[in-house]
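Inspection log for the structure reproduced underneath, given as structure tokens.
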Amino acid sequence: MKLLSLLTALSLGVFAAGLFALIFYRLDALGRRRSLDLHLYGLGRIGRLRVPLPALAAGLLVFAVCMHLFKNPAPATFGAALCALLPGYLSYWRQARHRDAVLNQLAAAVRLFAAEFTVSSQLGKCLAVVGQRTPDPVGGVFKRACFRLAYGGDADAVFRQMEEELDSPYGRMFVQIIRAAREKGHAVAPLLHDLVSRITVAQELARSNRSEVSGERWVGLLFAVLPLPLYFLLQAWIPEAGAFLTGTAAGHVVVFASFLSAIAWFYVDRVVNET
């Protein structure tokens with residue numbers, strides 16, 4: 001019994017230890033990143049927590065199930081929190097993929113806009129050319145902006161919509177430049193070329209950052225989701241494991257650390273990869 005309890009503790013404890021190690025590694029990566037200004041821009045977005053009603057209901061169900069399984073409110077609370085936060089995490093990654101796609105296409109789009117703008121100062125025509133020659137999502141943003149301007153849309157409202165759809169600090173810079181172009185004409189052309197250079201540097205930095213953290217992200221996700229399935233496997237293979245996890249202080253600590261490390265990993269992973 002003591003040997004089985006020890007093996008159970010080691011089996012679940014290794015996940016918590018692995019996750020905490022990954023958390024510290026990623027925090028160290030956060031400290032090494034050179035794009036601190038973009039991180040500070042992104043950190044303000046993390047504080048807004050939205051939990052959909054189905055996720056909240058699922059979290060309450062998980063709380064009840066975990067209370068029945070572990071007889072311990074701490075892991076039940078963390079399990080419910082993990083369930084409630086997971087949809088927001090997935091939504092964040094969909095938005096992050098969109099911002100990555102925008103960043104990858106924006107330099108070419110701005111370069112094309114600048115080339116067309118030196119020939120013609122008509123913003124509508126420049127937007128149309130970029131929209132036709134650039135794939136989605138950036139091409140779609142330019143096409144919609146051109147369509148709205150062509151059909152008499154308010155220019156300020158159109159540009160605000162562009163900022164929201166691009167959802168990027170460099171996209172906002174670009175929109176500010178074309179706003180200025182309405183009054184100053186070709187005088188803003190150097191700003192467009194400077195923006196292309198900035199975006200190119202940001203693209204290289206983003207690729208470097210992704211290559212540094214992509215591998216341990218998947219390992220960390222595996223560690224984060226495995227403790228609960230592992231518990232059921234241990235229950236099937238080693239029936240005494242359930243008594244150890246639910247009836248001893250050491251078992252409570254192991255379960256608590258597993259759920260806590262999973263939640264901490266999700267949060268730190270988002271902070272480190274926020275751009």
Side-chain angles (χ1 to χ4, degrees), residues 29-30 32-48 91-118 121 123-146 148-149 155-214 270-275:
L30 173 62
R32 296 196 309 267
R33 291 185 70 165
R34 290 165 287 174
S35 57
L36 183 59
D37 55 333
L38 296 182
H39 256 297
L40 292 177
Y41 160 80
L43 287 175
R45 308 158 70 107
I46 296 175
R48 298 196 297 270
S91 175
Y92 158 74
W93 274 110
R94 285 195 296 269
Q95 296 171 4
R97 285 196 298 269
H98 170 78
R99 289 194 296 271
D100 287 343
V102 168
L103 182 63
N104 290 335
Q105 297 175 358
L106 195 56
V110 175
R111 187 180 296 111
L112 182 59
F113 184 94
E116 186 66 26
F117 189 70
T118 58
S121 59
L123 293 181
K125 181 180 178 182
C126 297
L127 292 172
V129 170
V130 177
Q132 292 171 359
R133 300 183 184 179
T134 306
D136 288 337
V138 170
V141 174
F142 279 80
K143 288 177 185 175
R144 288 187 290 274
C146 176
R148 292 167 186 143
L149 288 175
D156 288 333
V158 171
F159 293 148
R160 282 196 301 270
Q161 188 66 29
M162 282 191 71
E163 288 182 345
E164 294 175 3
E165 293 181 1
L166 289 173
D167 191 21
S168 162
Y170 297 106
R172 274 179 279 278
M173 293 179 192
F174 171 72
V175 173
Q176 292 299 323
I177 292 174
I178 62 176
R179 275 197 177 108
R182 295 175 60 200
E183 300 178 359
K184 300 181 180 179
H186 290 91
V188 304
L191 297 178
L192 291 170
H193 295 293
D194 180 67
L195 181 59
V196 171
S197 300
R198 289 176 178 236
I199 298 173
T200 302
V201 172
Q203 288 173 338
E204 294 297 327
L205 179 60
R207 279 192 287 268
S208 175
N209 290 333
R210 281 196 295 269
S211 65
E212 288 180 2
V213 300
S214 59
R270 178 168 175 174
V271 171
V272 172
N273 290 281
E274 179 69 62
T275 58

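This chain uses plain numbering: 1 for the first residue, then up along the sequence.
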Atom pair CG (Leu166) and CD (Gln105), whose distance is rounded to the nearest 0.5 Å: 10.5 Å
Flag, side chain of Thr134 to backbone of Gly131, donor-acceptor distance under 3.5 Å: no
Glu116 side chain vs Cys126 backbone, donor-acceptor pair below 3.5 Å: no
Sub-6.0 Å ring centroid separation between Phe159 and Phe174: no
Value rounded to 0.5 Å, distance of NZ in Lys143 from CG in Leu127: 13.0 Å
Value rounded to 0.5 Å, distance of SG in Cys146 from CD in Gln132: 8.0 Å
Lys125, NZ: over 12 other non-hydrogen atoms inside 6.0 angstrom: no
Lys/Arg N to Asp/Glu carboxylate O, Glu163 vs Arg160, below 4.0 Å: no
Donor-acceptor pair, side chain of His186 and main chain of Phe117, under 3.5 angstrom: yes
Among Leu106, Val110, Thr200, Val188, side-chain contact (heavy atoms from CB on, under 4.5 Å) partner for Leu195: Val110
Closest approach of Asp167 to His98 (non-hydrogen atoms, all atoms of both residues): CB-CD2, 4.4 Å
Step-by-step side-chain contact (heavy atoms from CB on, under 4.5 Å) determination, Tyr170 to Val102: CA-CA 9 Å; Tyr170 297 106; Val102 168; over 6 Å; no
Nearest non-hydrogen partners of Leu103 and Gln203, listed with the distance: O-NE2, 2.6 Å
Met173 vs Leu191 side-chain heavy atoms within contact, under 4.5 Å: no
Salt-bridge present (Arg182, Asp156; N to O < 4.0 Å): yes
Residues Glu165 and Arg148 bridged, charged N to O under 4.0 Å: yes
Test item: Asn104 side-chain N/O and Asp100 main-chain N/O as donor-acceptor pair under 3.5 Å: yes
Option passing side-chain contact (heavy atoms from CB on, under 4.5 Å) with Val158 (candidates Val175, Leu149, Leu123): Leu149
